[in-house]
Amino acid sequence: MKAASSYTRIYAVVRKIPRGRVATYGQVAELAGLPRQARQVGYALAALGRERVPWHRVINARGEISPRSDPGPEQLQRVLLEREGVGFDANDRVALARHLWQPRLRRARARRR
DNA sequence: GGTCTGACTAGGT
DNA sequence: AACCTAGCCAGAC
């Protein structure tokens with residue numbers, strides 16, 4: 001059977017990022033079952049239409065808002081994050097240690113005895 | 001259908 | 001800590 005498109009899976013993961021937290025592209029990719037496809041996450045978000053997805057909560061592994069080839073959304077992204085309580089340091093970076101989303105790993109189904 | 005591109009990343013200098 | 005490079009791989013042409 002055909003799996004859902006990777007974009008769909010990516011959006012599903014991004015929708016789980018709680019308010020006030022951020023996730024990295026690589027992290028989202030991993031959680032979406034697409035290891036090493038961090039770039040795809042960026043493309044998926046760039047292709048977003050009207051879907052309600054908190055795209056602003058996805059930043060790069062260095063804690064920065066990734067520069068777009070077509071600048072513009074970066075500023076909005078920052079505003080949206082700040083509005084949720086995510087702070088930036090003097091270098092425009094988010095303290096990942098403090099704001100990185102740490103989803104509880106779904107514990108493997110307990111093996112039935 | 002080969003090449004190029006890029007909201008990325010890990011590792012080396 | 002900033003900068004470079006190689007690896008990455010789905011889409012667009």
Side-chain angles (χ1 to χ4, degrees):
Chain A
M1 92 160 230
K2 183 64 181 90
S5 79
S6 46
Y7 280 13
T8 300
R9 293 161 67 175
I10 288 167
Y11 297 156
V13 170
V14 175
R15 271 190 282 257
K16 293 180 185 169
I17 306 172
R19 225 172 159 283
R21 321 229 55 184
V22 296
T24 68
Y25 295 95
Q27 181 182 10
V28 171
E30 183 77 43
L31 291 169
L34 304 167
R36 277 163 272 137
Q37 293 189 61
R39 306 184 97 151
Q40 281 306 118
V41 174
Y43 305 148
L45 296 180
L48 266 176
R50 303 241 226 21
E51 300 91 329
R52 213 161 22 262
V53 174
W55 55 271
H56 60 284
R57 297 180 186 146
V58 184
I59 62 180
N60 68 33
R62 296 162 37 185
E64 317 172 298
I65 286 175
S66 287
R68 315 292 203 270
S69 56
D70 182 11
E74 297 93 331
Q75 203 172 343
L76 170 61
Q77 181 167 11
R78 175 163 180 156
V79 169
L80 290 174
L81 285 175
E82 292 181 323
R83 183 181 294 171
E84 300 186 347
V86 175
F88 289 77
D89 63 20
N91 299 311
D92 300 316
R93 296 212 289 222
V94 169
L96 291 181
R98 177 177 160 144
H99 295 288
L100 186 65
W101 177 39
Q102 298 176 308
R104 321 197 79 206
L105 272 48
R106 183 181 293 271
R107 170 177 297 228
R109 188 183 309 276
R111 195 182 309 284
R112 198 134 18 99
R113 274 166 291 124

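All values derive from a computational prediction rather than experimental measurement. Proteins come first, then strands; the chains are lettered A, B, ... in the order of their sequence lines, and each starts at number 1. Atom set for the values below is all heavy atoms of this structure, side chains included, hydrogens, waters and symmetry mates excluded.
The shortest heavy-atom contact between A/His99 and A/Gly20 is ND1-O, 3.5 Å. Between A/Arg57 and A/Leu81, the shortest heavy-atom distance links the atoms CA-CD2, 4.1 Å. The shortest non-hydrogen separation linking A/Pro103 to A/Leu31 is CG-CD1, 4.0 Å. The nearest pair of heavy atoms linking A/Ala44 to A/Ile10 is CB-CD1, 3.8 Å. Nearest heavy-atom pair across A/Tyr25 and A/Asn60 is CE1-N, 3.5 Å. The nearest pair of heavy atoms linking A/Gln27 to A/Leu100 is OE1-CD1, 3.3 Å.
Counting heavy atoms from C-beta outward, A/Tyr7 and A/Gln40 have side chains that approach closer than 4.5 Å. Residues A/Glu84 and A/Arg21 are not in side-chain contact: their nearest non-hydrogen atoms beyond the backbone lie 4.5 Å or more apart. At a threshold of 4.5 Å between non-hydrogen side-chain atoms, the residues A/Val13 and A/Arg9 do not count as touching.
Residue contacts shown for A/Pro67 are limited to sugar-phosphate atoms, with no base heavy atom under 4.0 Å away. A/Gln77 comes within 4.0 angstrom of a base, heavy atoms only.
Nearest nucleotide to the side chain of A/Gln40, out of C/dC9, C/dA2, C/dC8: C/dC9. Minimum atom distance to the side chain of A/Ala46 is reached by B/dA7, of the listed C/dA2, C/dA10, B/dA7. Among the nucleotides C/dC9, B/dT9, C/dG11, the one closest to any side-chain atom of A/Ala38 is B/dT9. For A/Arg36, the side-chain atoms get nearest to C/dC8 when compared with the rest of C/dC8, C/dG11, B/dC8. Closest to the side chain of A/Leu45, out of C/dA10, C/dC8, B/dA7, is B/dA7. Closest to the side chain of A/Arg39, from the set B/dA7, C/dC9, C/dC8, is C/dC8.
DNA chain B lies under 4.0 Å from at least one heavy atom of each of the following residues of residues 51-65 of chain A: A/Trp55, A/Asn60, A/Ala61. Residues of residues 17-29 of chain A having a heavy atom closer than 4.0 Å to DNA chain B, listed by number: A/Thr24, A/Tyr25, A/Gly26.
Put simply, CD on A/Glu30 is 10 Å from P on B/dA10, counting in whole angstrom units. Rounded to an integer number of Å, the gap from CG of A/Leu34 to C1' of C/dG11 is 15 Å. When rounded to the nearest whole Å, the span between CD of A/Gln37 and C1' of C/dG7 equals 13 Å. Counting to the nearest Å, the C1' atom of C/dA1 and the CG atom of A/Asp92 are 15 Å from each other. We find that CD of A/Gln75 is positioned 18 Å from P of B/dA7, with the value rounded to whole Å. Remark: C1' of B/dA7 and CG of A/Leu80 are 15 Å apart, rounded to the nearest angstrom.
Each of A/Val22, A/Val58, A/Val53 was compared with A/Ile17 under the side-chain contact (heavy atoms from CB on, under 4.5 Å) criterion, and only A/Val58 meets it.
Within the structure, every side-chain polar atom (N or O) of A/Ser69 is placed at least 4.0 Å from both OP1 and OP2 of B/dT5.
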